[in-house]
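First comes the structure, then the notes that go with it.
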Amino acid sequence: MSITQNYKLNLIQWYPGHIAKAEKKLQEQLKRVDVVLEVRDARIPLATNHPQMNDWVGSKSRVLVINRLDMISPQVRSVWENWFKSQEQVPYFTNAQHGQGIAAIAKAAQAAGIELNKRRKDRGMLPRAVRAVVIGFPNVGKSALINRLLGKRVVESAARPGVTRQLRWVRISEQLQLLDAPGVIPSRLENQAAAVKLAICDDIGEASYDNQLVAAAFVDILNELQETHPHLLPPHPLLSRYEVDSIIHTGEAYLQVLAEHRYKGDVERAARTLITDFRKGLLGNIPLEIPPH
Ligand SMILES: Nc1nc2c(ncn2[C@@H]2O[C@H](COP(=O)(O)OP(=O)(O)OP(=O)(O)O)[C@@H](O)[C@H]2O)c(=O)[nH]1
């Protein structure tokens with residue numbers, strides 16, 4: 001059992017109506033496509049998986065995109081690659097900000113079209129372009145991925161989700177067309193260990209939370225990983241940046257010590273700085289999850 005499961009975060013639940021509405025919108029999008037491009041955050045590939053995903057995708061083809069490749073080390077990428085392989089899944093690693101790995105995504109989606117058109121031909125139907133949608137948790141890089149696939153900006157990156165508008169198809173190639181709006185997976189906050197990781201990575205959408213609890217959980221996760229997998233982390237990431245090491249402290253105690261050392265005792269400022277520095281990559285490439293055994 002992970003340390004973070006002991007945290008009771010003050011995460012505000014989405015209203016049930018809100019979740020139902022988001023799920024309905026997602027279903028509307030999924031209904032229209034042959035292929036689902038599912039985007040996850042490379043720092044937390046498991047917390048950015050939704051327990052209902054298999055049901056939603058059903059028998060459609062699925063391309064598993066692990067985005068923010070630049071935020072994990074090559075070693076961490078490699079252990080995830082092996083783990084997904086052991087689960088009989090193929091992960092496609094991307095950096096949607098700079099365009100790495102994008103061509104392989106388009107190719108994988110198009111490959112699904114070959115099967116599709118074989119079936120159509122058998123039924124005497126004309127071939128058509130394969131239809132796809134990009135889905136994922138808030139802020140994982142869905143819009144950036146769509147824009148990269150298109151090679152131009154059609155979707156406002158970082159636009160707030162929830163605005164209803166007409167679904168439109170955009171053509172990526174002769175063989176592939178894409179819904180221009182990404183599908184947002186509604187947060188499920190029952191799993192607090194996953195929720196805290198989503199909050200640390202800013203992948204949780206419109207929920208509010210206690211910065212100090214989130215920052216303390218971050219330090220606890222980091223300490224745990226430093227003990228179990230030191231070779232997968234940068235050496236002493238907090239000591240290097242703040243001149244105070246975390247390893248001898250609990251997350252909560254570390255915030256106090258850091259606040260005293262650098263922020264005149266302002267614990268909230270220490271917490272916000274920690275989270276922001278992590279999100280900006282200023283602490284180095286730190287994964288918050290490594291594959292389970
Ligand atoms: N470092 C890094 N940043 C990325 C990457 N992909 C996207 N981003 C950035 O992450 C932020 C969120 O990206 P978006 O494309 O808006 O994410 P989204 O999933 O569409 O977000 P919502 O609209 O909130 O659901 C933006 O500032 C992007 O520039 C990546 O691979 N690496």
Side-chain angles (χ1 to χ4, degrees), residues 14 18-19 21-26 28-30 36-45 47-50 53 56 63-74 76-77 80-81 91-106 132-165 167-168 170 172 178-189 195 197-209 234 275-289:
W14 285 23
H18 196 166
I19 291 181
K21 209 172 136 198
E23 278 185 10
K24 196 164 160 241
K25 192 176 166 206
L26 185 63
E28 281 296 310
Q29 289 167 299
L30 289 172
V36 178
L37 307 181
E38 183 198 346
V39 186
R40 299 203 201 159
D41 185 325
R43 297 165 298 176
I44 46 170
T48 46
N49 179 21
H50 195 284
M53 188 53 69
W56 288 334
V63 178
L64 178 62
V65 182
I66 311 290
N67 190 45
R68 297 187 183 278
L69 167 62
D70 54 307
M71 303 191 93
I72 57 166
S73 69
V76 171
R77 172 192 173 146
W80 277 114
E81 229 151 19
Y92 290 87
F93 288 84
T94 55
N95 173 349
Q97 204 173 37
H98 291 132
Q100 263 166 287
I102 304 298
I105 305 291
V133 65
V134 173
I135 69 168
F137 278 82
N139 210 41
V140 293
K142 301 178 297 297
S143 304
L145 182 76
I146 295 175
N147 290 327
R148 278 283 163 192
L149 280 165
L150 275 161
K152 60 184 181 209
R153 276 179 90 80
V154 286
V155 185
E156 195 51 47
S157 210
R160 285 292 113 211
V163 185
T164 318
R165 62 185 175 95
L167 293 175
R168 280 185 311 166
V170 286
I172 306 294
L178 193 66
L179 277 179
D180 72 336
V184 183
I185 298 175
S187 309
R188 281 276 180 213
L189 305 178
K197 289 178 190 162
L198 293 172
I200 295 167
C201 294
D202 201 17
D203 293 345
I204 200 155
E206 314 219 339
S208 75
Y209 42 81
I275 302 174
T276 312
D277 285 355
F278 167 73
R279 288 175 182 168
K280 286 187 185 155
L282 297 176
L283 305 176
N285 286 336
I286 299 178
L288 297 186
E289 288 177 336

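These numbers come from the heavy atoms of this one structure, side chains and all, not from hydrogens, waters or symmetry mates. One-based numbering, in listed order, for ligands and for the atoms of each.
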For a salt bridge (Lys or Arg N to Asp or Glu O under 4.0 Å) check, start with the C-alpha distance between E81 and R77, then their side-chain angles and the critical distance, and finish with the verdict. CA-CA 6 Å; E81 229 151 19; R77 172 192 173 146; 3.5 Å; yes
Contacting atoms of ligand 1, where contact means under 4.0 angstrom from a heavy atom of A96: 6 (N), 30 (C), 31 (O)
Record the part of D70 in heavy-atom contact with ligand 1 below 4.0 Å; permitted values are side chain, backbone, both and neither. side chain
Might you point out which heavy atoms bring Y92 and V63 nearest each other, and give the distance in Å? CD1-CG1, 3.7 Å
Minimum heavy-atom separation for A96 and L145, please, with both atom names. CB-N, 3.7 Å
Just to be sure I'm reading this right: ignoring hydrogens, which of K142, R148, R279 gets closest to atom 19 (O) of ligand 1? Compare them by their nearest heavy atoms. K142
Is the closest heavy-atom distance from P138 to ligand 1 below 4.0 Å? yes
By number and element, which atoms of ligand 1 are closer than 4.0 Å to a non-hydrogen atom of N139? 11 (C), 12 (C), 17 (O), 18 (P), 19 (O), 21 (O), 22 (P), 24 (O), 25 (O)
Is the shortest heavy-atom distance from the side chain of L37 to the side chain of L178 under 4.5 Å? yes
What about V140: any of its N or O atoms under 3.5 Å from an N or O on ligand 1? yes
In Å and rounded to the nearest 0.5 Å, what is the CD1 to CG distance from I135 to L179? 11.5 Å
Of G136, A144, G99, the residue with the heavy atom nearest atom 7 (C) of ligand 1 is A144
Quick one: which of M71, K280, Q97, H98 has a heavy atom closest to atom 2 (C) of ligand 1? Q97
Which ligand 1 atoms, with their elements, are less than 4.0 angstrom from a heavy-atom of S143? 15 (O), 18 (P), 20 (O)
Expected output: side-chain T48 to main-chain D41 donor-acceptor under 3.5 Å: yes
Distance col, row E28:CD vs K24:NZ, nearest 0.5 angstrom, shows 6.5 Å
